Every structure is written in C-alpha cells, then in structure tokens.
Amino acid sequence: MITCTGGPAMARPTTKQRPQAARSAARQARHKPGRRLPWPWLVLGMALVPAAIGVMFALGHSSGDGGKPIAILRTSDFHALAFSPDNPNVVFFGHHNGLMRSDDGGRTWRPVIDRPNFDAMSLTVNPRDPRQIFLAGHDVFLVSTDGGASWQPVKHNLPGTDIHGFALNPDEPSRLYAFVVGYGLFTSADGGRTWQKLSTQLPMDVMALASAGGSPETIYAGSMGAGVLKSTDGGLTWAPSNAGLRSWGVMALAVNPVARQVVYAGAEDGLYRSNDAGASWRKLSFPGRNVIAIAVSPSDPQIVLAIEGVRRGEGRLYRSTDGGATWDGGRGR
C-alpha cells in the first residue's frame, strides 16, 4: 500500500509539412512488445529533466492569445489531469515522479505520491464513486478507494503495465480500457481484475483514451502520428476522426461528462474542440502553443483545465470557465 505523504494504415490530419521531431517519434514507435515508446516531449522537441522540483504560482505571465496561467508546474513531465466528480476544486495531476492534488481548482498543489520514475500517465475517477481513482502509466497500475489517500496495486492479467492510455465507461464504471505498449488495446468488465484483448487496429503511438459511453459505446484514441481515432462499437474497430484537425500529434483527450458529443483534443499545436462527437474539430483560442493534458469538471462541465508544456521542467496550467472559449486565469466559477 502506498500512503499519502501530504493495425491498418490510418488517414492523417490535414497539415503543413510534418515536423521532423514528430516524424522521428513515429518511426521509433514501431517497436517490439514491451519496449517503451519515445516520450511525448520528442513530439514537442523538448527533453525531460531528471526530477520534480516543486510547484509555484504564475506571476502575471501570459503567452499566446490572452489569458494567464493559474499555476506554473515545475516537474519533469506533465501527463494527466482529473477532477473529483463532485467537487470542481479537487483536481489530481499525474507527472513523471508521482501524483499531486489541488483543493483550490489548480492554483496550489501538494504531493500525494512523490517517487522518482513513478510515471502517472493516466488518471480516471469513477463518476459514481469519487473515492475510487485509477492511476496507470509506465509500469504503474494502482487504484485508490479512499479518494487518493492510499493506493494499492491492481491485481490483473494484463501482458504488461506500460500503459499509455486508460479509460473508464461512464455508464458502466466497472468497464475499463487499457492501451498496453507493444500489445494493443484491452478491456476489463470487472474493474481491472481480468482483461481480454480487444483490438490491434490502433497504432502503437497512442497516448490517450477517452470514453463517451453509450450503447454501443463510443471511444476515442489520441495518436502522436494519426491524430484522433474513433470507435463506435466499444473499441472493436477504429476509424480516423480528423476533419478540421491540423496537428500530427494528439496527446490528450477529454469528453464533456454531461454533453458527451463535446470532446476536447490536446495537440502539439494547441487545443481543439468538437461539438459533434469528433465528426469535425475547431481550434480554440487557447493561450498556449500546445496541450499535453486536459480535464473537464463533471460537476461543472464549463470548467476546463489544460496544461501547456513550455520548456524543460515547466508547464503552464490554464483554466476556462466557459468550456474553453476564453481563458481567464481562473476567476469566476
């Protein structure tokens, strides 16, 4: 127990000449089972720093088109954000060396898990039980049943735990999905204890999964080289869903938990929103130049958090209170 210390070729998006870093990362993604993918920073042309060095406020700095970050995150990478289902002020942040929690909507943070190379790439909170949180990543697969105060390994039969994408069906929270590097997409119907191979159609550079629920279930996958892919049969088959998306690399996805046809995609050139379940995308006026983590509050879906990776060890956290139309530094709701 860990206790709290505080397939087929896919059509590509329309874009200009593909950045060299993205081409290189996509080539390296064709690897043997069990071998890790390149870090997302290769897509962004950045490098990691060796250790987390704390979190501090942003002091009047802004970038891009208006809006100021509500916090500067100083960690060695920036992977995942997740709101508590019943409190928009409670947010979890997964990074390369652990997990942090905010109780004021993302303005200040405290460590929950602080451990070198504890790579928390995905965070998923049960919408029916906010005390249950799944954490998955590079050789990490844990669950908390007390709101993040303590964590236990998930007993499972997955072929590996290098998990680059993880999702939960909001209509059936015991139904889970995990994209395991080198092995493909798996699903569990019993909360993660037993898993079955679901599909090998997804490319090996998938970095994010998100479920919109429904019957049959709609699932989205974000790829570093193929943009957004969509399944309308519970993950059995997949097709590109990139109209209006101009980026080669999609590293974060989030579904509005109330209006599930609204989907957000974080890409290497900014933040996109779809109002028609991924049929078309529109680039938002996000202040940053890229987005590597997104979260939408279940209790107030107008509240959106997004992280821009700026440079080695520095990420900017932005907040919107109108569904991503404007980024006001966190004032308002």
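Not measured: the values here are computed from a predicted model.
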Just so I know, are the side chains of [X] and [Y] near enough to count as touching, which here means a heavy-atom distance under 4.5 Å?
| X | Y | result |
| --- | --- | --- |
| His164 | His138 | yes |
| Leu317 | Leu81 | yes |
| Phe93 | Leu123 | no |
| Met100 | Thr75 | yes |
| Leu176 | Trp195 | yes |
| Leu305 | Arg319 | yes |
| Asn275 | Arg273 | yes |
| Asp162 | Tyr183 | no |

Item to complete: Dump the intermediate steps for side chain to side chain contact (heavy atoms under 4.5 Å, CB included) on Met224 and Met251, then the final yes or no.
Response: CA-CA 6 Å; Met224 291 196 296; Met251 291 174 289; 4.3 Å; yes
Would you tell me whether [X] and [Y] have side-chain atoms, one donor and one acceptor, within less than 3.5 Å of each other?
| X | Y | result |
| --- | --- | --- |
| Asp77 | His95 | no |
| Arg107 | Ser102 | no |
| Ser223 | Asp205 | yes |

Discussion item. For Trp151, run the side chain to side chain contact (heavy atoms under 4.5 Å, CB included) check against Val140, Leu135, Thr145, Asp146 and tell me which one passes.
Written reply: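 The single option meeting the side chain to side chain contact (heavy atoms under 4.5 Å, CB included) with Trp151 is Leu135.
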Provide the closest heavy-atom pair for [X] versus [Y] in the form atom of the first, atom of the second, distance.
| X | Y | result |
| --- | --- | --- |
| Phe141 | Ala136 | CD1-CB, 4.3 Å |
| Phe286 | Ala306 | CE1-CB, 3.7 Å |
| Phe78 | Ile307 | CB-CG2, 4.0 Å |
| Ala80 | Ala120 | CB-O, 4.1 Å |

Discussion item. Rounded at 0.5 Å granularity, tell me how far CG in Asn126 sits from CZ in Phe134.
Written reply: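 Between Asn126 CG and Phe134 CZ, I get 7.5 Å after rounding to 0.5 Å.
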Worksheet item: Could you give the distance from CG (Asp276) to OG (Ser241), rounded to the nearest 0.5 Å?
Response: 8.0 Å
Worksheet item: Step by step, would you call Val250 with Leu245 a side chain to side chain contact (heavy atoms under 4.5 Å, CB included)?
Response: CA-CA 10 Å; Val250 172; Leu245 195 68; 3.9 Å; yes
Worksheet item: Does the side chain to side chain contact (heavy atoms under 4.5 Å, CB included) test come out yes or no for Val263 and Lys230, once each step is laid out?
Response: CA-CA 11 Å; Val263 189; Lys230 178 181 177 181; over 6 Å; no
Can you give me every donor-acceptor pair (side chain of residues 207-215, partner residue at least two apart or in another chain, under 3.5 Å) with its distance?
unit_1 : atom_1 : unit_2 : atom_2 : d
Ser211 : OG     : Gly213 : N      : 3.1
Ser211 : OG     : Glu217 : OE2    : 2.4

Item to complete: Dump the intermediate steps for side chain to side chain contact (heavy atoms under 4.5 Å, CB included) on Arg246 and Tyr272, then the final yes or no.
Response: CA-CA 9 Å; Arg246 300 194 300 270; Tyr272 291 81; 3.5 Å; yes
